[in-house]
Asks: 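Before we start, here is the structure in question, set down as structure tokens.
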Amino acid sequence: MDLWQKVDLLGSAAQWDTCQGCGTQMHRHADDLGRWIYPAVRPDGRRVRLLKVLQSSVCQNDCRYCAFRAERDQRRTAFTPDELAHLVDDLYRSGRAEGVFLSSGVCGGTHRAAERMLATVELLRRRYRLNCYIHFKLLPGVQDAVVESALRWADRVSVNLEAPNAQRLQALSGAKDFDGQLLGTLRRAHALREQLGSRASLTTQFVVGPAGETDAELLQCAAALYDELRLARAYYSAFQPVASTPLEGHAPTPLWREHRLYQADFLLHTYGFAASELVFDGQGRLPREADPKLTWARQHPERFPVEVNRASRSELLRIPGIGPATADLIIERRRFGRLRDLRHLGLNSLGEHRAAPYVLLEGRRPAHQLELWSAPGRA
Ligand code: SF4
């Protein structure tokens, strides 16, 4: 198999891993190789184009949802570290990619598989002296030495928890041990990061749906990780069944559920909400019909309306329609005078519509809202 066939096989293989903030396939480049280059968001908010690829699509494990499970009959291959490092160097220097997201099947044992991945990134940093962005996926249960090297060479390291707890993971994989290999590796990565003074960020990913987990379980797990491990992000991947796997007959997870999970997750890591404040139904599900912040606001009339001219940043962030950038803008604008009109808040029309019922401007309800309220009474 030549290098380009490998790129196609291992690039297409990596598409199944939808974590680390990569965009959907819709945003990929149109040319042949560019099909495997995805936009991703760095911890500093800058967007980068990453080659998303597997070192190897050979795997000894049999995770029930996975396209690379050992029992699945499919064509497989692997890059040597030299091949992959050369490819990334070429893409970087020609301006087609700004980095790599590297994952791998577990081939020849976790340690050997991780060593091949490490050899690739070490070549990139040492031989090619490439200052590209590197996201390194830690394989379950890797040794501390591997974690340390990954923290040294990569900008971001991640461990996919896949499920929010050990019991749920059993429905997805008989090979992975939640407390030891997954959460344990994430914890060791955090501890070593602190010890080494590494600036690498830490992320994880959940497969949403097939384990029967609730939204509440997922978000409580993510909230604990944000608190305990200073996790940069948790990613939620709506399950899509793969042919010839034990879960091929399982219904796909609707994308609206993934969307609601991301909205609620933003409340946790950006808006200062505690997991206990999120509103779920009796089965631990986020409501489908309204976003989680609006749902919370509707349940807390005692917290509204908020006087925009006096509210703290955290109070502003509780108002539907107002995000961090708008909250900062409002605080900046208050230095120059009183805000008396919704248009002074810097919101778009949807944001104004959302915020209107929940704010006071100089002690008055916005005119926008008064019009809405008075509409039914008009002749
Ligand atoms: S260990 Fe990873 S690549 Fe292997 S079957 Fe499980 S999810 Fe797939």
Side-chain angles (χ1 to χ4, degrees), residues 6 8-20 22 36 51-79 84 100-118 120 135-143 146-147 150 156-186 189 203-213 218 234-248 250 252-253:
K6 284 189 182 183
D8 252 357
L9 216 57
L10 292 162
S12 64
Q15 72 170 303
W16 297 104
D17 191 328
T18 55
C19 72
Q20 62 93 46
C22 283
W36 317 125
L51 174 68
K52 191 175 180 185
V53 75
L54 296 182
Q55 186 85 43
S56 168
S57 61
V58 182
C59 189
Q60 66 197 39
N61 291 343
D62 264 318
C63 303
R64 295 183 185 95
Y65 55 90
C66 181
F68 315 116
R69 63 194 312 269
E71 280 186 9
R72 190 163 182 260
D73 183 22
Q74 65 167 27
R75 215 169 158 218
R76 296 171 195 258
T77 188
F79 284 118
L84 188 49
V100 61
F101 167 48
L102 183 58
S103 186
S104 182
V106 182
C107 169
T110 302
H111 189 64
R112 280 189 60 195
E115 284 289 325
R116 279 189 292 272
M117 295 168 68
L118 270 185
T120 301
H135 180 131
F136 190 95
K137 177 74 66 65
L138 292 172
L139 300 178
V142 283
Q143 296 173 342
V146 171
V147 180
R156 171 165 281 182
V157 298
S158 61
V159 181
N160 286 1
L161 289 186
E162 316 294 15
N165 54 51
Q167 188 197 344
R168 297 297 187 186
L169 184 69
Q170 282 174 8
L172 301 179
S173 174
K176 290 175 180 167
D177 153 41
F178 184 86
D179 292 316
Q181 292 182 326
L182 302 184
L183 186 55
T185 304
L186 206 52
T203 64
T204 192
Q205 181 198 12
F206 299 106
V207 179
V208 179
E213 78 293 327
L218 288 167
Y235 293 96
Y236 304 88
S237 178
F239 168 75
Q240 303 299 315
V242 176
S244 306
T245 63
L247 293 175
E248 70 175 339
H250 195 287
T253 301

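Read the numbers this way: they start at 1 and go in the same order the structure lists the ligands and their atoms.
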Asks: So, Thr120 versus Gln55: side-chain donor-acceptor pair below 3.5 Å or not?
Replies: yes
Asks: Any donor-acceptor pair under 3.5 Å linking the side-chain atoms of Tyr65 with those of Gln240?
Replies: no
Asks: Looking at every non-hydrogen atom in both residues, tell me the closest pair between Gly105 and Leu139 and how far apart they are.
Replies: O-CD1, 4.4 Å
Asks: Taking all non-hydrogen atoms of both residues into account, name the closest pair between Pro164 and Leu218 and its distance.
Replies: CD-CD2, 3.9 Å
Asks: Check Lys176 against ligand 1 and report side chain, backbone, both or neither, counting heavy atoms closer than 4.0 Å.
Replies: side chain
Asks: Give the numbers and elements of all ligand 1 atoms closer than 4.0 Å to a heavy atom of Cys59.
Replies: 1 (S), 3 (S), 4 (Fe), 5 (S)
Asks: Which pair of non-hydrogen atoms, one from Phe206 and one from Ala234, has the smallest distance, and what is that distance?
Replies: CE1-CB, 4.1 Å
Asks: Starting from atom 1 (S) of ligand 1, what is the nearest protein heavy atom, named by residue and atom, and what distance separates them?
Replies: Asn61 ND2, 3.4 Å
Asks: Does any N, O or S atom of Cys63, backbone or side chain, fall under 2.8 Å from atom 8 (Fe) of ligand 1?
Replies: no
Asks: Counting each atom of ligand 1 from 1 as listed, which ones have a heavy atom of Cys66 under 4.0 Å away?
Replies: 3 (S), 5 (S), 7 (S), 8 (Fe)
